[in-house]
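Each remark here refers to the structure printed beneath this line.
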There are 2 protein chains.
Amino acid sequence: MNWADLDSGHCSIARAADIVGDRWTLLILRDVSRGIRRFDELSAHLGIARNILSARLGALVANGVLERMPYAEEGRRPHQEYVMTPRGAELLPVLLALIAWGDRHLSEEPPVRAVHNGCGHEVRLVPTCTAGHALTGGGEVQIVPGPGARRVDRE
Amino acid sequence: MNWADLDSGHCSIARAADIVGDRWTLLILRDVSRGIRRFDELSAHLGIARNILSARLGALVANGVLERMPYAEEGRRPHQEYVMTPRGAELLPVLLALIAWGDRHLSEEPPVRAVHNGCGHEVRLVPTCTAGHALTGGGEVQIVPGPGARRVDRE
DNA sequence: CTATTGAGTAGTCAAATGCAACTCAGCCTG
DNA sequence: CAGGCTGAGTTGCATTTGACTACTCAATAG
């Protein structure tokens, strides 16, 4: 099998990267998943330019990752909130994987930890095959073309 | 706990995103992990401009994710190969998470699959806490500040 | 009625990207 | 050994995208 024959653009990684493969987008998702949901909060916390934030949020909403909903606390004037859609919530493993890697390789001490709501223990991503084997070592996982693979177009 | 008080830049996600949070970088890592390792192969397969590829590879090498090594098949002239370092190999979960998400939400049929080398079954990333609970449902994982968290600097 | 907050646009400028052409070294061929 | 070819990049320039600042506009608070 020659990977080079397969269309690089028609690939889940390429398509996913098109949506979240952006410095700001990942940080926006991190903040939104933590409860920082308002435009100005995000703008202030991330230090992102407002027009860029506006564009990123718009793209995330268009891609169904976030949803923009008006929200009114009583006694306060209504505002917008950006919340994760179910599709967006499923990006959590991507964030967890980045946290795990960053913690392991870029910091002495982990700035963030993921914990199980129930028991409070640390959560890790364990690659597990559907037959139930947990793959702990390296080199046991192989990426192969799936049914939706497409050959590169060259005439 | 107010996340907004914590320094956004001093965060594993932010630091990891600084290195891999880039459309091209993710695709380069995907290709390298599949065995597309030479400059020209990468350039051709990804359709990336050569100067950009050069810059990205340089950055990945500088960050210890890839290693550049001269390689000579016998009878052929020596060339360069970019290979994953151990640190780079540990980014695999990030790629797996992106594949999983992209397969689920962006394609009808998965263009790529991850399988267990041993048994051939599909591999998924299962968030598992150190007490051994596999967290299958949503909303069971909470991200909390770790010992290395740093408050935002404002005077 | 004026100030303030929330949520953006508009305008400007710098940085990153993309394209094509150029370099440069090691072979290979005649 | 001159001329090609291939691998692995640079360099120069046009275009696109990003970032910073300032401005708008509506709703509410005082």
Side-chain angles (χ1 to χ4, degrees), chain A residues 2-4 8-9 14 17-29 31-32 35-63 65-83 154, chain B residues 2-4 8-9 14 17-29 31-32 35-63 65-83 154:
Chain A
N2 194 355
W3 281 104
S8 163
D18 242 20
I19 296 179
V20 299
D22 174 87
R23 219 164 61 80
W24 289 125
T25 300
L26 286 166
L27 296 181
I28 290 169
L29 292 175
D31 275 11
V32 170
I36 301 182
R37 306 219 163 93
R38 294 224 317 278
F39 190 90
D40 275 17
E41 284 177 335
L42 287 166
S43 160
H45 185 235
L46 296 172
I48 182 177
R50 306 171 71 76
N51 55 348
I52 306 293
L53 176 58
S54 179
R56 290 290 174 284
L57 288 171
L60 287 170
V61 169
N63 286 314
V65 175
L66 295 183
E67 200 175 352
R68 184 169 176 278
M69 27 183 45
Y71 180 78
E73 300 168 71
E74 59 264 54
R76 299 184 52 99
R77 77 175 230 231
H79 54 222
Q80 306 300 323
E81 263 200 342
Y82 292 90
V83 297
R154 44 183 165 216
Chain B
N2 193 357
W3 280 104
S8 163
D18 241 21
I19 296 178
V20 299
D22 174 87
R23 218 165 61 81
W24 287 127
T25 300
L26 286 166
L27 296 180
I28 290 169
L29 292 175
D31 275 11
V32 169
I36 300 181
R37 306 219 164 93
R38 296 225 316 279
F39 190 92
D40 276 16
E41 284 177 334
L42 287 166
S43 161
H45 185 235
L46 296 172
I48 182 178
R50 306 170 71 74
N51 53 350
I52 306 293
L53 176 58
S54 178
R56 290 290 175 283
L57 288 172
L60 286 170
V61 169
N63 286 315
V65 174
L66 296 183
E67 200 175 350
R68 183 169 176 276
M69 27 183 45
Y71 181 77
E73 300 167 71
E74 57 265 56
R76 298 185 50 100
R77 143 155 88 122
H79 54 231
Q80 305 301 322
E81 264 200 341
Y82 291 90
V83 298
R154 42 184 166 215

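Lettering follows sequence order; numbering is per chain, from 1. Because the structure is predicted, anything quoted here is derived from the model rather than measured.
Residues passing the side-chain contact (heavy atoms from CB on, under 4.5 Å) test with B:V61, sequence neighbours excluded: B:L66, B:R68, B:Y82. Scanning for salt bridge (Lys or Arg N to Asp or Glu O under 4.0 Å) contacts around B:R23 gives A:D18, with sequence neighbours left out. With sequence neighbours excluded, the residues forming a side-chain contact (heavy atoms from CB on, under 4.5 Å) with A:D22 are A:W24, A:T25, A:R56, listed by chain and number. The side-chain contact (heavy atoms from CB on, under 4.5 Å) check on A:A49 picks up A:N51, A:I52, with sequence neighbours excluded. Partners of B:S43 by side-chain contact (heavy atoms from CB on, under 4.5 Å), not counting sequence neighbours, listed by chain and number: B:R50, B:L53.
Atom CZ in B:R38 sits roughly 7 Å away from atom C1' in D:dG7 (whole-Å rounding). Rounded to an integer number of Å, the gap from B:L42 CG to D:dG7 C1' is 13 Å. Between B:R23 atom CZ and C:dA16 atom C1' the separation is 13 Å, expressed in whole Å. Between the CH2 atom of B:W24 and the P atom of C:dC19 there is a distance of 9 Å, rounded to whole Å. We find that CG of A:D40 is positioned 10 Å from P of C:dT5, with the value rounded to whole Å. Separating the CZ atom of A:F39 from the P atom of D:dA26 is a distance of 17 Å, rounded to the nearest angstrom. In this structure, A:Q80 places its CD atom 18 Å from P of C:dT5, rounding to the nearest Å. The separation between A:E41 atom CD and C:dG6 atom P is 8 Å, rounded to whole Å.
Residue B:R56 places at least one side-chain N or O under 4.0 Å from the OP1 or OP2 atom of C:dT17. For C:dG8, one of the phosphate oxygens OP1 or OP2 lies less than 4.0 angstrom from a side-chain nitrogen or oxygen of A:Y82.
Taking every heavy atom of residues 46-54 of chain A and every atom of DNA chain D, pairs under 4.0 Å involve A:A49, A:N51, A:I52, by number.
Within the 4.5 Å cutoff, the side chain of A:H79 has no heavy atoms near those of the A:P70 side chain.
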